[in-house]
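Letters A, B, ... mirror the listed sequences (proteins, then strands); counts begin at 1. Here the structure is a predicted model, which means the values were calculated and not measured.
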Amino acid sequence: MMDVLRVGVVLSALFALVALTVLVVKTLSFGKRPFYSRDAGSKVSGVIYAFGRGMMPWEKESSRKHLLTYLSGVIYHAGIFAALIYLLCAVFSLSLPWYLLQTLRIALVVGGACGLSLLLKRILSRKLRKLSCPDDYAANIIVTLFVILAAVHAAQLTGWQGPAVAGSPTLSPSRPTAVSSGPAVGLTSFVEGAFYIVSILMFLYVPVGKIRHCFFFFYSRVLLGIFFGRRSALPTR
Amino acid sequence: MPEENVRKDEFDEKIDRLTDQDLKNALRVFRDKITSEYAAYLNSCVHCGLCAESCHYYLTDGELESMPAYKVGLVASVFKRQFGLAGRVFPAWVGAKDLDREMVREWVDALFGRCSLCARCTMNCSVGLNTMYLVRAARGALASLGLVPDGLKSTVETAIQKGNSMAIPREDWIETVEWLESELQAEVNDPAAKLPLDKKGAKFLYTVNPREPKFFPLSIVATGKIFYAAGEDWTFSSYNYDVTNYGLYSGDDEVAVTISDRLVQSMEELGCKTLVLAECGHGFNSNRWEAPEWLRKRYGFEVRSILEVVADYIREGRIKLDPSRNPERLTLHDPCNLVRLGGIVEEQRYILKHAALNFAEMTPNRQNNFCCGGGGGQLAMTRFSQRRLKAGEIKADQIRQTGAKTVVAPCHNCIDQLSELNKHYKLGVNVRTICEIVANALLLGEKRSVRNGSSSDLKG
């Protein structure tokens with residue numbers, strides 16, 4: 001059964017990749033806007049700024065004013081990347097060094113908590129509710145669930161008996177050797193199955209709604225850097 | 001007139017009378033404006049709402065409809081419905097909506113009435129969406145329906161029909177320049193001082209905001225005095241001298257192209273090397289950055305702001321200034337189109353450092369400045385004038401906090417709005433252009449010795 005789910009995860013991830021590619025091609029088919037005006041500044045500097053200093057709270061007022069939400073967002077996305085790495089290891093039976101697994105565990109737990117906090121904010125804030133459509137909730141729920149299940153699965157991998165296995169050089173999420181018997185194995189299997197099913201749903205959902213910003217965020221940020229960079233409006237002094 | 005009363009007017013009835021074919025045509029116009037960049041932006045908003053407090057409208061009215069994310073959402077919802085698979089199959093799920101009469105009404109209210117295209121939200125967007133371009137694209141679709149609010153619409157029509165946005169006849173412009181030339185001669189005590197018209201082969205073609213000859217003629221004398229002091233080779237055109245281009249604000253590219261092309265024609269006819277743009281924020285953004293894109297043309301000449309030119313004069317020692325002639329505390333307003341969208345950030349500061357004794361920055365400033373509320377065509381759209389004044393409260397507070405007696409604004413639209421804010425919020429300040437400050441500080445007698453001597457003391 002787990003093998004079937006693992007195949008499902010791979011296929012759904014491929015589907016997401018293909019669908020995103022189609023979306024990108026469709027986006028590019030709208031045609032590129034050429035630049036005829038002469039540059040006054042550097043596009044490259046603008047792009048570097050857009051991905052670096054330009055996102056920092058001391059530089060960006062909105063991040064500063066909403067520091068908690070901003071940090072939650074950053075940590076949430078770190079958790080998502082951690083969960084994707086964890087999924088990769090689980091599906092392909094890759095082993096992780098102990099220190100990396102510990103790092104992932106922290107990122108998953110904190111990231112999942114931040115995802116939940118952002119979901120709660122969306123539910124509780126009247127203005128955010130009005131701004132949101134069902135897709136906003138669905139995307140948040142499914143991705144947060146993905147991170148939380150990865151966190152739970154990673155926690156069960158050793159039953160949080162870190163010191164007992166601390167000497168192990170590596171651990172594989174798909175071979176939970178530290179949990180050896182009884183109900184723990186059943187629970188691990190259940191969590192693992194749930195983790196794979198949620199992963200499949202998440203990948204299938206990528207092209208439908210706002211999760212697509214996993215690509216478009218980077219694209220838009222590059223465009224921001226180019227726009228202000230060539231006009232010499234960014235980077236700021 | 002209260003806005004509630006204005007809302008039930010013939011503009012509203014015009015929306016009611018829109019046919020399905022009209023709406024289809026508007027969608028076609030909207031589609032034509034969408035490039036891959038715009039499509040990327042429209043796929044990117046995550047509805048985080050962090051942009052809210054970057055908008056002066058939201059800060060002053062606290063209404064959801066003023067949130068930049070809401071405004072982008074209005075444009076994105078139509079985009080998703082028309083061009084997205086999910087938007088066509090499950091519109092309600094992804095917030096996709098048709099461009100119907102109700103949506104048109106919302107577009108007019110939010111995209112014309114609650115946005116000055118200042119791009120402050122773009123700088124503060126978690127993703128980096130270029131809200132200005134998206135709003136402008138939607139405004140263009142509304143323009144195709146004849147739904148540009150009165151005031152802005154008439155300003156655009158005037159510019160197209162009369163050759164400039166204030167409908168100044170050519171003869172009046174020539175007479176005004178001649179009159180101002182005699183004023184300049186008296187001011188500099190030199191009968192040879194000129195405000196040249198149609199001088200072929202001049203280095204600079206200088207443009208003005210038509211509000212200058214109409215209401216602020218002395219700002220033309222101020223600039224003429226600076227050119228005189230620098231010994232510049234420059235000219236006005238007797239035909240095309242209008243730096244403004246309200247096509248930027250109406251979203252109508254056809255109009256924008258027609259207006260932009262006039263200055264290009266004059267440059268080519270007169271054979272000038274540099275098009276020098278007067279102190280006008282949107283005029284700078286239009287002619288320096290947007291016009292070549294509208295015209296799909298790489299200019300064979302340079303386009304510069306008068307601020308860059310004056311800063312060069314000071315650096316090169318071509319003019320000498322006495323800052324003690326401007327002793328009062330003054331502050332600087334950063335026009336969004338010139339600074340955030342134009343990239344002219346430090347020149348005005350460099351100039352003021354040399355031309356005034358007591359310069360105090362507003363907070364925030366430079367690229368993070370707040371719009372005064374007059375941009376985006378807001379000054380022209382009487383329909384939204386109460387909102388405009390309310391949105392200007394942020395700027396009024398900023399000015400008050402500096403304790404300045406003079407506000408310098410290198411933009412005539414901003415000057416009009418700041419003057420209204422001055423009255424409305426009882427700020428008790430003078431509002432002036434940079435060139436007026438510079439002209440007041442000019443040391444004409446020392447001009448030649450400075451030009452021939454060392455200028456290292458002026459570099460900075």
* Asked: Near Leu124(A) CG, under 6.0 Å, is it more than 12 heavy atoms from other residues, nucleotides or ligands?
  -> yes
* Asked: In terms of heavy-atom pairs under 4.5 Å with chain B, which of Phe228(A), Tyr219(A), Tyr70(A), Tyr36(A) leads?
  -> Tyr36(A)
* Below 4.5 Å from any heavy atom of chain A, which atoms of Glu302(B) appear? Answer side chain, backbone, both or neither. => both
* **Per-residue contact mode, Phe217(A) against chain B (heavy atom under 4.5 angstrom)** => both
* Minimum side-chain heavy-atom gap Lys60(A)-Met123(B) below 4.5 Å -> no
* Options Glu290(B), Glu293(B), Arg366(B), ranked by heavy-atom pairs under 4.5 Å with chain A, top entry -> Glu293(B)
* About how many Å separate CE of Met67(B) and CG of Leu131(A), when rounded to the nearest 0.5 Å? -> 5.0 Å
* Structure fact -> Bottom line for Cys125(B): the part with an atom under 4.5 Å from chain A's heavy atoms is backbone
* Can you find a pair of side-chain heavy atoms, one from Leu64(B) and one from Arg126(A), that are under 4.5 Å apart? -> no
* Asked: For chain A, which of Ala39(B), Ala40(B), Ala291(B) has the most heavy-atom pairs under 4.5 Å?
  -> Ala40(B)
* To do: Answer with side chain, backbone, both or neither: which region of Val339(B) has an atom nearer than 4.5 Å to a non-hydrogen atom of chain A?
  => backbone
* Top contributor to chain B contacts, counting heavy-atom pairs under 4.5 Å, from Ala233(A), Pro134(A), Pro207(A) -> Pro134(A)
* Asked: So which part of Ile34(B) gets closer than 4.5 Å to some heavy atom of chain A, the side chain, the backbone, both or neither?
  -> both
* Measure the acute angle between the ring planes of Phe30(A) and Phe79(B), then classify it against the limits of 30° and 60° as parallel, tilted or perpendicular. => tilted
* To do: Name the region of Lys65(A), side chain, backbone, both or neither, that has any atom closer than 4.5 Å to a heavy atom of chain B.
  => side chain
* **Ser62(A) OG to Asn124(B) CG distance, which is reported to the nearest 0.5 Å** => 4.0 Å
* Side chain / backbone / both / neither for Leu341(B) at chain A, heavy atoms under 4.5 Å -> both
* To do: Over all heavy atoms of both residues, which pair between Arg38(A) and Tyr299(B) is shortest? Give the atoms and the distance, please.
  => NH2-O, 3.3 Å
* To do: Any chance you could measure Leu223(A), atom CG, to Asn130(B), atom CG, to the nearest 0.5 Å?
  => 9.0 Å
* To do: Sort Arg340(B) into side chain, backbone, both or neither according to what part of it lies under 4.5 angstrom from a heavy atom of chain A.
  => both
* Say you draw a straight line from CG of Asn285(B) to OG of Ser37(A); how long is it, rounded to the nearest 0.5 Å? -> 9.5 Å
* Among Leu128(A), Val222(A), Ile211(A), Leu118(A), which residue forms the greatest number of heavy-atom pairs with chain B at distances under 4.5 Å? -> Leu128(A)
* Asked: Quick one: does Phe227(A)'s side chain get under 4.5 Å of Thr122(B)'s, heavy atoms only?
  -> no
* For Ala92(B) and Cys133(A), work out which heavy atoms get closest and say how close. => O-CB, 4.3 Å
* Asked: For Lys97(B), does the NZ atom have more than 12 heavy-atom neighbours from other residues, nucleotides or ligands under 6.0 Å away?
  -> no
* **Region of Tyr41(B) that comes under 4.5 Å of a non-hydrogen atom in chain A** => both
* Asked: So do the side chains of Lys130(A) and Tyr70(B) get within less than 4.5 Å of each other, counting heavy atoms only?
  -> no
* Region of Asp32(B) that comes under 4.5 Å of a non-hydrogen atom in chain A -> neither
* **For the student: nearest non-hydrogen atoms of Val46(B) and Asp136(A), plus distance** => O-OD1, 4.0 Å
* Asked: For Thr69(A), is it the side chain, the backbone, both or neither that has a heavy atom under 4.5 Å from a heavy atom of chain B?
  -> side chain
* To do: Could you grab the distance from atom CZ of Arg288(B) to atom CZ of Arg231(A), nearest 0.5 Å is fine?
  => 9.0 Å
* To do: Decide, yes or no, whether a salt bridge links Glu61(A) with Arg120(B) under the criterion of side-chain N to carboxylate O below 4.0 Å.
  => yes
* To do: Could you look at Ala52(B) and say if it's the side chain, the backbone, both or neither that has a heavy atom under 4.5 Å from chain A?
  => neither
* Taking all heavy atoms of Leu28(A) and all of Ser36(B), pick out the closest pair and write down the distance. => CA-CB, 3.7 Å
* Asked: At a heavy-atom separation under 4.5 Å, does Gln367(B) approach chain A through its side chain, its backbone, both, or neither?
  -> side chain
* Separation between CG of Asn140(A) and NE2 of His47(B), rounded to the nearest 0.5 Å -> 13.0 Å
* Asked: Who wins among Lys26(A), Met55(A), Glu59(A) for the most heavy-atom pairs under 4.5 Å with chain B?
  -> Lys26(A)
* Asked: Heavy-atom distance under 4.5 Å to chain B: side chain of Phe35(A), backbone, both or neither?
  -> both
* Are the side chains of Ser63(A) and Leu50(B) in touch, meaning some heavy atoms are under 4.5 Å apart? -> no
* Got more than 12 heavy atoms from elsewhere within 6.0 Å of CZ, Phe81(A)? -> no
* Heavy-atom contact with chain A under 4.5 Å, split by part of Tyr133(B) -> side chain
* Non-hydrogen side-chain atoms of Val127(B) and His213(A) separated by less than 4.5 Å -> no
